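Structure, as structure tokens:
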Amino acid sequence: AINYDSEATIDDGSCYYTVLQSVELLPYTMNNISFNVDVAEYYEFPDLFGDVNVLLSYNDMDEYYVPAFGINQIGLEYYQGYYVFISGADPATFTIEAEPMDLFSEITLNPYMMNNISYLPSEDRTVESVFYDLPVLLISNDQGQYYVPSLGVNSIDAAGGMMPGEGYSVFLDGSNSADLIYGESDGLGRLFNSDQSYYETFTEVYSDLIVPTGISYPIIITQIDGNVSVGDELVAYANGQVVGATRVADLSAPVVISAWGGFNEYGIHLEGYSVGDKIDLRLYSNQKGEELMVDVTLDNDEYGVGVFASGTVTASDILAIPEEYG
């Protein structure tokens, strides 16, 4: 939520405006947040959160803030996004006040790493319009939504676009760095296509088993054949545990499974895949009410290895779990 405060003055009589930005943090998840006000000028990192009990925060440089352990390595930078985990079972909100950020400030994106960046505009924009001239391989948020232009995947815009308060992870395609400048909006970036139902992740069967943790790995199925119907669900397992599921809404469109990762450090335990776990996919048939085996061809068969996994699936009519053994 963005609110403009009253005009203020400084000693030389000139005027400036401060902005109030409210950021909501969800429990039991690694929130990826950012700021579109000049926090570096006004705050130290621990002072941002007010009365919110932060257990852990970190950035893409592996700098950590863990107050219970007396760790504070993070220096505030306008271009950074930050992962934040809070204590308790309830959402928490904190509000900060500072001058608005200059939308023409450069954000340098480095190759061969997942850049976790801030979102500086005060209005929603499409990810496609923001990154239209940059060599992007993957962009993701903490909701398990992705932009992968090479495969025609854009579930970020299907969900409403890029939004203030959110942090975004960006991986470049190629070996060169790139500079992102948001600049002023021309209004065109707000015209996103909401009719992209094939990104629907609604699942009746697995909703109670899936725990979104804010840490996700995309499995992109570019083609699905065989014994499959609209309404069936592709399910991702790691060591026998369900870590993601997606409803098949369009047999001719890509199916994107958000597989949720675990985290076990500093007293925080989140269930999910571990990096290097084998990707195990199955198909839940609505007609049969059973999980079926699938023949999977992926360019990578381990969770968390590389930027994403992509490939094809052929569904069979053989049950994933045998009814008899011999």
Side-chain angles (χ1 to χ4, degrees), residues 1-8 15-26 29 31-43 48-49 59-60 76-84 91-109 115-134 136 138-149 153-171 178-197 199 214:
I2 307 296
N3 299 294
Y4 284 88
D5 201 305
S6 58
E7 182 180 279
C15 298
Y16 67 96
Y17 287 91
T18 57
V19 176
L20 297 175
Q21 181 180 11
S22 296
V23 180
E24 183 179 19
L25 300 169
L26 299 177
T29 189
N31 300 270
N32 192 4
I33 67 169
S34 70
F35 309 100
N36 59 3
V37 295
D38 193 2
V39 289
E41 181 70 21
Y42 290 80
Y43 295 88
L48 287 173
F49 304 99
N59 60 19
D60 61 9
L76 277 171
E77 302 288 354
Y78 75 87
Y79 51 80
Q80 281 280 9
Y82 301 93
Y83 282 99
V84 180
T93 301
F94 66 94
T95 302
I96 53 178
E97 180 178 2
E99 292 183 66
M101 276 302 306
D102 179 5
L103 295 183
F104 289 90
S105 300
E106 290 185 355
I107 297 178
T108 299
L109 304 172
N115 302 268
N116 199 37
I117 67 169
S118 59
Y119 181 71
L120 301 182
S122 59
E123 76 283 343
D124 300 349
R125 297 186 188 178
T126 66
V127 66
E128 189 171 1
S129 67
V130 170
F131 291 92
Y132 76 96
D133 60 346
L134 296 179
V136 169
L138 169 81
I139 299 174
S140 64
N141 60 17
D142 61 6
Q143 302 300 305
Q145 296 155 353
Y146 310 101
Y147 176 52
V148 188
V153 171
N154 188 356
S155 52
I156 292 179
D157 285 349
M162 301 181 74
M163 303 176 183
E166 293 289 327
Y168 293 89
S169 296
V170 181
F171 198 98
D179 291 327
L180 168 65
I181 299 176
Y182 288 102
E184 297 295 340
S185 173
D186 57 9
L188 297 178
R190 299 176 62 86
L191 303 176
F192 38 77
N193 179 12
S194 60
D195 185 22
Q196 300 185 58
S197 60
Y199 290 124

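Residue numbers start at 1 and run along the sequence shown. All values reported here derive from a predicted model rather than from experimental measurement.
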Heavy-atom closest contact ([X] atom, [Y] atom, distance):
X	Y	answer
S34	G81	CB-CA, 4.3 Å
S22	T95	OG-OG1, 3.0 Å
P164	P121	CG-O, 3.7 Å
D102	L120	O-CD1, 4.1 Å

Decide yes or no for [X] and [Y]: does some side-chain heavy atom of the first lie under 4.5 Å from some side-chain heavy atom of the second?
X	Y	value
N59	N116	no
D124	M162	no
N32	S169	yes
Y182	R125	yes
M101	Y79	no
L138	Y147	no
L20	I96	no
I107	Y78	yes

Query - Results of ring-ring contact (aromatic ring centres under 6.0 Å, His included) for Y83 - residues two or more places apart only - result: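 Residues passing ring-ring contact (aromatic ring centres under 6.0 Å, His included) with Y83: Y58.
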By side chain to side chain donor-acceptor pair (under 3.5 Å), which residues pair with [X], not counting sequence neighbours?
X	answer
T108	D179
N141	Q145
E128	none
D60	Q80

Query raised in the report: When you look at D142 and T29, which way does the side chain to side chain contact (heavy atoms under 4.5 Å, CB included) test go after all the steps?
Result: CA-CA 9 Å; D142 61 6; T29 189; 5.7 Å; no
Nearest 0.5 Å, please: how far is [atom2] in [Y] from [atom1] in [X]?
X	Y	atom1	atom2	result
I139	S155	CD1	OG	11.0 Å
I181	F104	CD1	CZ	8.0 Å
E166	Q143	CD	CD	6.0 Å

**Report entry** N36 vs Q21, side chain to side chain contact (heavy atoms under 4.5 Å, CB included): CA-CA, chis, key distance, verdict
**Finding:** CA-CA 8 Å; N36 59 3; Q21 181 180 11; 3.0 Å; yes
Query raised in the report: Centres of the F35 and Y119 rings: under 6.0 Å?
Result: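 Distance test on ring centres: not under 6.0 Å, no.
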**Report entry** T126 and F131: CA distance, side-chain angles, deciding distance, side chain to side chain contact (heavy atoms under 4.5 Å, CB included) verdict
**Finding:** CA-CA 9 Å; T126 66; F131 291 92; over 6 Å; no
Query raised in the report: Can you list the residues that meet the side chain to side chain contact (heavy atoms under 4.5 Å, CB included) rule with E24, with sequence neighbours excluded?
Result: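 In terms of side chain to side chain contact (heavy atoms under 4.5 Å, CB included), with neighbours along the sequence ignored, E24 is linked to L26, P91, T93.
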Requested in this report: Start with the C-alpha distance between L76 and Y42, add both sets of side-chain angles, then the distance that settles side chain to side chain contact (heavy atoms under 4.5 Å, CB included), and finish with yes or no.
Outcome: CA-CA 10 Å; L76 277 171; Y42 290 80; over 6 Å; no
Query raised in the report: Quick one: does Y43's side chain have a donor or acceptor within less than 3.5 Å of a partner on E97's backbone?
Result: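 Yes; judged by distance alone, with no hydrogens or angles, the pair exists.
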Query - Under 3.5 Å: donor-acceptor pair, side chain of N31, backbone of V84 - result: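 Yes, N31 side chain to V84 backbone: donor-acceptor pair under 3.5 Å.
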Report task. Give a yes-or-no answer on whether the side chains of T18 and E99 include a donor-acceptor pair shorter than 3.5 Å. Result ->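 Distance-only check fails for T18 and E99.
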